[in-house]
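Residue numbers start at 1 and run along the sequence shown.
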Amino acid sequence: MIFISSIKNPYFQRLKKQLAIDLEKDIIQYFEEIAQETGISYLSLINLYWRECMENKRKLSLIKSNS
């Protein structure tokens, strides 16, 4: 008998939550074009972009900082 040991999922801590969000057509088109160039799905690209914004604590220019 051959036993295969299981491997922990390295993404376990980063599980995603599905949600519905309304994006304007030109935003989706922008990310779809990048997706075709890179081979990465446009949904993953949007998620990566938002993660980068979060990690760099980037704020929208519409929102004034309290500092």
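Rounding to the nearest 0.5 Å gives a distance of 13.5 Å between CG of Leu23 and CD of Gln29.
Side-chain heavy atoms closer than 4.5 Å link hydrophobic residues (I, L, V, M, F, W, Y) into clusters, and following such links, possibly through other members, connects Leu19 to Phe31.
Contact between Leu45 and Ile40 at its shortest, heavy atoms only, is CD1-O, 3.8 Å.
Looking at residues two or more places apart in sequence or on another chain, you find a side-chain hydrogen bond (donor to acceptor under 3.5 Å, both in side chains) between Ser41 and Ser44. In terms of the side chain to side chain contact (heavy atoms under 4.5 Å, CB included) criterion, residue partners of Glu32 (sequence neighbours excluded) are, by chain and number, Ile28, Tyr42. Considering only residues two or more places apart in sequence or on other chains, Tyr30 meets the side chain to side chain contact (heavy atoms under 4.5 Å, CB included) condition with Ile34. With sequence neighbours left out, Glu52 forms a side chain to side chain contact (heavy atoms under 4.5 Å, CB included) with Asn56, Arg58. Not a single side chain to side chain contact (heavy atoms under 4.5 Å, CB included) links Gln36 to another residue, sequence neighbours left out.
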